Amino acid sequence: MDTEIFKQHLKKLYSINNGKVVVTNEILKFTQNHSEPLNQVQKDLINYTNTNFESNSYMLTEGNQNQFFTLLLKVLNAKKVIDVGVYTGLSSLSFALSIPDDGIVIGIDCSRDYEECCHLHWKKANVDHKINLVIDNAKNHLQKLIDNGESGTFDFIFIDANKDSYDDYYELSLKLIRKGGIIAFDNVLFFGATTVDQNSKKPEDQIFFGCPPFQKQVDGLLVLNEKISKDERVIKVMLPLSDGITLVTKK
């Protein structure tokens, strides 16, 4: 190999976007196709959600996230998982497929709107016996688990619910997660809204402002992101995967 020609070619490539790959839909599809394949029931559930709940289908945990979490749970040898924000059941399904037959996923959601869809696909995948769906306020149920003596016993906790309550979920989850376990927060970038100067006057940033319910969610995420970045109790990493994921583990 001609080393000098190779080096010059690398310099040219590096001059384009600082040598970084621009993550397009095609790149995402490529990475998903070269990762652990989704179970057929996972695919069926995605299609079912997109067909029957089209207006809210953006709430689905994305395919590459499920592949990532599958690997994490295997590395953790996870048996006890909490899923805060179940929606149509894809994340809980993915977790249940990744843990042993005697493992448990506690799925917490405040709505019964998608309960039938959840049980239909969990049963179809033969993992319904591993998932306990709790219809309750998440803060209430996390506290119940603490009161029941389950602090420090969970291997993985996934939080994808009301963003304005993320800080409360964080503090409760820190009590429930074992040392060496992982807490994952979804949507920490929130369409890019958390990265924008909240006083920005740029025209391209104005889409993030002017909607109080949206701003309430953004404010909750801003509090959490800043808090975790300075929290000496945990080791943390924020990843630009999908809509942004933060992973933390207790020191």
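Keep in mind the model is a prediction, meaning the values are calculated, not measured.
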* **Flag for Gln217-Asn162: side-chain donor and acceptor within less than 3.5 Å** => no
* Just by distance, with hydrogens left out, do Thr153 and Lys80 show a side-chain donor and acceptor under 3.5 Å apart? -> yes
Tell me the closest heavy-atom pair linking [X] and [Y], and the distance in Å.
{"X": "Ala125", "Y": "Leu93", "value": "CB-CD1, 3.6 Å"}
{"X": "Gly85", "Y": "Ala161", "value": "CA-CB, 4.2 Å"}
{"X": "Ile177", "Y": "Phe156", "value": "CD1-N, 3.7 Å"}
{"X": "Leu76", "Y": "Gly181", "value": "CD2-CA, 4.4 Å"}
{"X": "Phe69", "Y": "Thr61", "value": "CE1-CG2, 4.4 Å"}
{"X": "Val86", "Y": "Cys118", "value": "CG1-SG, 3.9 Å"}

Sub-3.5 Å donor-acceptor pair from the side chain of [X] to the main-chain atoms of [Y], do we have one?
{"X": "His9", "Y": "Ile5", "value": "no"}
{"X": "Thr194", "Y": "Val188", "value": "yes"}
{"X": "Asp155", "Y": "Lys79", "value": "yes"}
{"X": "Lys139", "Y": "Tyr169", "value": "no"}
{"X": "His141", "Y": "Asn137", "value": "no"}
{"X": "Ser165", "Y": "Asp168", "value": "no"}
{"X": "Ser92", "Y": "Gly89", "value": "no"}
{"X": "Gln206", "Y": "Ser200", "value": "yes"}
{"X": "Gln67", "Y": "Pro37", "value": "no"}

Would you say [X] and [Y] make side-chain contact, with heavy atoms under 4.5 Å?
{"X": "Asp44", "Y": "Tyr48", "value": "no"}
{"X": "Ile82", "Y": "Leu142", "value": "yes"}
{"X": "Ile46", "Y": "Leu60", "value": "yes"}
{"X": "Leu247", "Y": "Ile183", "value": "no"}
{"X": "Leu45", "Y": "Cys117", "value": "yes"}
{"X": "Tyr166", "Y": "Asn187", "value": "yes"}
{"X": "Val196", "Y": "Phe209", "value": "yes"}

Can you name the salt bridge (Lys or Arg N to Asp or Glu O under 4.0 Å) partners of [X], sequence neighbours left out?
{"X": "Lys251", "answer": "Glu232"}
{"X": "Asp136", "answer": "Lys144"}
{"X": "Asp205", "answer": "none"}
{"X": "Asp160", "answer": "Lys163"}

* **Verdict with supporting geometry, Gln42 and Asn66, side chain to side chain donor-acceptor pair (under 3.5 Å)** => CA-CA 9 Å; Gln42 289 174 297; Asn66 287 286; 4.6 Å; no
* **Other ILVMFWY residues reachable from Val75 by side-chain steps of under 4.5 Å** => Leu71
* Step through the shown structure and confirm whether more than 12 heavy atoms of other residues, nucleotides or ligands are within 6.0 Å of CD on Glu116. => no
* Mark yes when over 12 heavy atoms from residues, nucleotides or ligands other than Ile135 sit less than 6.0 Å from its CD1; otherwise mark no. => yes
Report all side-chain donor-acceptor pairs from residues 234-242 shorter than 3.5 Å, counting only partners two or more places apart or in another chain.
from, atom 1, to, atom 2, distance (Å)
Lys236, NZ, Ile228, O, 3.4
Lys236, NZ, Asp231, O, 3.0
Lys236, NZ, Val234, O, 3.4
Ser242, OG, Glu62, OE1, 3.3
Ser242, OG, Glu62, OE2, 3.4

* Charged N to carboxylate O below 4.0 Å: is that the case for Glu171 and Lys175? -> no
Contacts of type side chain to side chain donor-acceptor pair (under 3.5 Å), residue [X], not counting sequence neighbours:
{"X": "Asn25", "answer": "none"}
{"X": "Asp167", "answer": "Lys227"}
{"X": "Asn140", "answer": "none"}
{"X": "Gln215", "answer": "Gln198, Asp219"}

* To do: Step by step, work out the side-chain contact (heavy atoms from CB on, under 4.5 Å) result for Val81 and Phe154.
  => CA-CA 6 Å; Val81 176; Phe154 287 89; 5.9 Å; no
* Asked: Looking at residues at least two apart in the chain, or sitting in another chain, which of them share a ring pair (Phe, Tyr, Trp, His ring centres under 6.0 Å) with Phe191?
  -> none
* To do: Evaluate the side-chain contact (heavy atoms from CB on, under 4.5 Å) criterion for residues Phe95 and Leu73: first the C-alpha distance (whole Å), next the side-chain angles of each, then the deciding distance (0.1 Å), finally the verdict.
  => CA-CA 7 Å; Phe95 302 152; Leu73 266 63; 3.9 Å; yes
* Is there a salt bridge (Lys or Arg N to Asp or Glu O under 4.0 Å) between Glu115 and Arg112 once you walk through the steps? -> CA-CA 5 Å; Glu115 191 173 7; Arg112 292 191 178 275; 2.9 Å; yes
* To do: Examine Phe190 together with Phe214 and report whether their ring centres are nearer than 6.0 Å.
  => yes
* **Pairs involving residues 125-134, ordered by first then second residue, that meet side-chain hydrogen bond (donor to acceptor under 3.5 Å, both in side chains) (sequence neighbours left out)** => Asp101-His129
* Does the side-chain contact (heavy atoms from CB on, under 4.5 Å) test come out yes or no for Thr49 and Asn56, once each step is laid out? -> CA-CA 8 Å; Thr49 301; Asn56 290 327; over 6 Å; no
* With side chain to side chain donor-acceptor pair (under 3.5 Å) as the test, would you mind laying out the steps for Asp109 and Ser111 before giving the verdict? => CA-CA 6 Å; Asp109 205 289; Ser111 172; 4.8 Å; no
